[in-house]
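Presented below is the structure to which this report refers.
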Protein chains: 2
Amino acid sequence: MPTPSMEDHIEIIYSLIEQKGYARVSDIAEALSVLPSSVTKMVQKLDKDGYLIYERYRGLVLTPRGQKLGKRLLKRHDLLEQFLRLIGVDEDLIYKDVEGIEHHLSWNSINRIADLVQMLEENPDLLMKLEKLKNEQKES
Amino acid sequence: MPTPSMEDHIEIIYSLIEQKGYARVSDIAEALSVLPSSVTKMVQKLDKDGYLIYERYRGLVLTPRGQKLGKRLLKRHDLLEQFLRLIGVDEDLIYKDVEGIEHHLSWNSINRIADLVQMLEENPDLLMKLEKLKNEQKES
DNA sequence: CCCCTATTTAATTTTCGTCAAACATCCAGA
DNA sequence: TCTGGATGTTTGACGAAAATTAAATAGGGG
């Protein structure tokens, strides 16, 4: 079972490869706000665990296993981001909150939230109602 | 700023005192599924940081600061539990999920979720709709 | 070939917890 | 009364996960 930090790395690596075709140690470090030396160590572990193939100083590729997991993790991340945005959380707090909670929700919870998001998107009046509740809170 | 584990301890101590009038090291350990020796160490830190007053072998009391925080943390916990329950997460997954995410959401997100919960509670038809979406998922 | 940047390694830190042994408290029985 | 377990608590040594820092090393462009 991957640890939260392993998940973070796999997720970012997946999205970097999707966007730019490759993922260097320094890109990953940058994206995770972590030092390259930390990434090196993690990437070595991920290689050992079969999520990717790593050649030092050269680069890395996700194995099928790593790709499958990466895709799933990225979807989960995007869903949570969308959820917080829909209910009106401040944009500049969203990323950190998602980063914090994404590893700690069961897939059952994720699926329920996906349904909730779908419902909210299909009924703009619900979003209006939420918006109103939010504004009322300001005066208390 | 309290760490997640500090929050866990303060929250549990607050609710134990609320329920039974006092909180012994072994009660806290039991409630957190942790060994008493871990609790001792944490309680010493919480004393040093001004959240409670601790006399070894005797007991502890929350300071006003500790009480205020404890109350807030307990409310947050209950809210998240209620939220997951409302959207239909399996009962036996709820506690662990809440335990996992409660320390990682901004108060802004907590307030938005509180509004969402209020709205869901006031409109049972929304809950019906969610229930239906959940059941559809079973067939895919 | 040398230098600059990227990367790696090794030692250390922080947070959270375990385990075993020492210590304190309380209470029952001689 | 005092005493010796049983119970509860504390201490200190240790470990795992995740990150940092500083120093060593590798590779690519002038």
Side-chain angles (χ1 to χ4, degrees), chain A residues 1-13 16-17 20-62 69 73 77 95-96 98-104, chain B residues 1-13 16-17 20-62 69 73 77 95-96 98-104:
Chain A
M1 212 68 346
T3 64
S5 177
M6 287 165 74
E7 288 192 351
D8 277 336
H9 283 75
I10 294 169
E11 181 185 321
I12 288 290
I13 289 168
L16 281 173
I17 290 179
K20 356 189 319 184
Y22 57 89
R24 325 255 332 232
V25 167
S26 48
D27 296 333
I28 302 167
E30 163 84 32
L32 292 176
S33 300
V34 144
L35 295 185
S37 51
S38 314
V39 173
T40 296
K41 215 184 299 177
M42 180 54 77
V43 158
Q44 289 167 342
K45 184 184 171 58
L46 293 177
D47 178 303
K48 191 157 55 58
D49 289 6
Y51 292 106
L52 50 81
I53 289 158
Y54 177 56
E55 285 181 88
R56 55 205 193 81
Y57 291 109
R58 302 232 140 277
L60 54 84
V61 201
L62 289 173
L69 181 54
L73 297 176
H77 185 106
Y95 192 83
K96 200 155 166 304
V98 170
E99 181 64 16
I101 67 177
E102 61 183 341
H103 311 293
H104 302 287
Chain B
M1 212 64 352
T3 63
S5 177
M6 287 166 74
E7 288 192 352
D8 278 337
H9 283 76
I10 294 169
E11 182 185 320
I12 288 291
I13 290 168
L16 281 173
I17 291 180
K20 353 188 322 183
Y22 57 89
R24 325 237 350 217
V25 167
S26 47
D27 296 333
I28 303 167
E30 163 85 32
L32 292 176
S33 301
V34 144
L35 294 185
S37 50
S38 314
V39 173
T40 297
K41 218 181 300 180
M42 180 53 78
V43 157
Q44 290 167 342
K45 183 184 170 63
L46 293 176
D47 178 302
K48 192 158 55 59
D49 290 5
Y51 292 105
L52 49 80
I53 288 156
Y54 177 57
E55 284 180 89
R56 54 205 194 79
Y57 290 111
R58 301 233 136 276
L60 53 85
V61 201
L62 290 172
L69 181 54
L73 296 176
H77 186 107
Y95 192 84
K96 201 155 166 304
V98 170
E99 181 65 16
I101 68 176
E102 62 183 340
H103 310 295
H104 301 287

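Note that the structure is a prediction, hence the values are computed from the model and not measured. Order of the sequence lines fixes the chain letters, A, B, ..., with proteins taken first and strands second; residue numbering starts at 1 for each chain.
Here the C1' atom of nucleotide C:dT13 and the CG atom of A:L35 are 13 Å apart, to the nearest Å. At whole-Å resolution of the value, CE in A:M1 and P in D:dA17 are 15 Å apart. Protein atom CZ of A:R24 is 11 Å distant from nucleotide atom C1' of D:dG28, rounded to whole Å. Summarising the geometry, the separation between OH on B:Y57 and P on D:dT7 is reported as 17 Å, rounded to the nearest angstrom. Look at NZ on A:K45: it is 6 Å from P on D:dA17, rounded to the nearest Å. Straight-line distance from the NE2 atom of A:H103 to the C1' atom of D:dA18: 12 Å, rounded to whole Å. Between B:H9 atom NE2 and C:dG17 atom C1' there is a gap of 10 Å when expressed in whole angstrom units. B:I10 places its CD1 atom 11 Å from the P atom of C:dC16, with the value rounded to the nearest Å.
Residue B:T40 is in base contact, counting any heavy-atom pair closer than 4.0 Å across all strands shown. Using a 4.0 Å heavy-atom distance criterion, A:S38 is classed as a base contact.
Side chains of A:E102 and A:D8 form a contact here, defined as non-hydrogen atoms less than 4.5 Å apart. Considering only heavy atoms from C-beta on, A:H9 comes within 4.5 Å of A:L46 through its side chain.
Each of B:S26 and A:R58 was assigned the nucleotide of DNA chain D with the nearest heavy atom; the assignment lying further toward the 5' end belongs to B:S26. Comparing A:S5 and A:R56 along DNA chain D, the residue whose closest nucleotide (by nearest heavy atom) sits nearer the 5' end is A:S5. In this structure, B:M6 and A:P36 both approach DNA chain C, and ranking their closest nucleotides by distance from the 5' end singles out A:P36.
Remark: A:E30 CD is loosely packed, at most 12 non-hydrogen atoms of other residues, nucleotides or ligands lying under 6.0 Å away.
Of the options A:E11, A:E7, A:E99, a side chain to side chain donor-acceptor pair (under 3.5 Å) to A:H77 is made by A:E11 and by none of the others.
At a cut-off of 3.5 angstrom, counting only N and O atoms as typed in the model, there is no donor on one side facing an acceptor on the other between the side-chain of B:K41 and the base of D:dT9. Side-chain N/O atoms of A:S37 and base N/O atoms of D:dT21 include a donor-acceptor pair closer than 3.5 Å.
Side chain of B:S33 to backbone of B:A29: no donor-acceptor contact under 3.5 angstrom is found.
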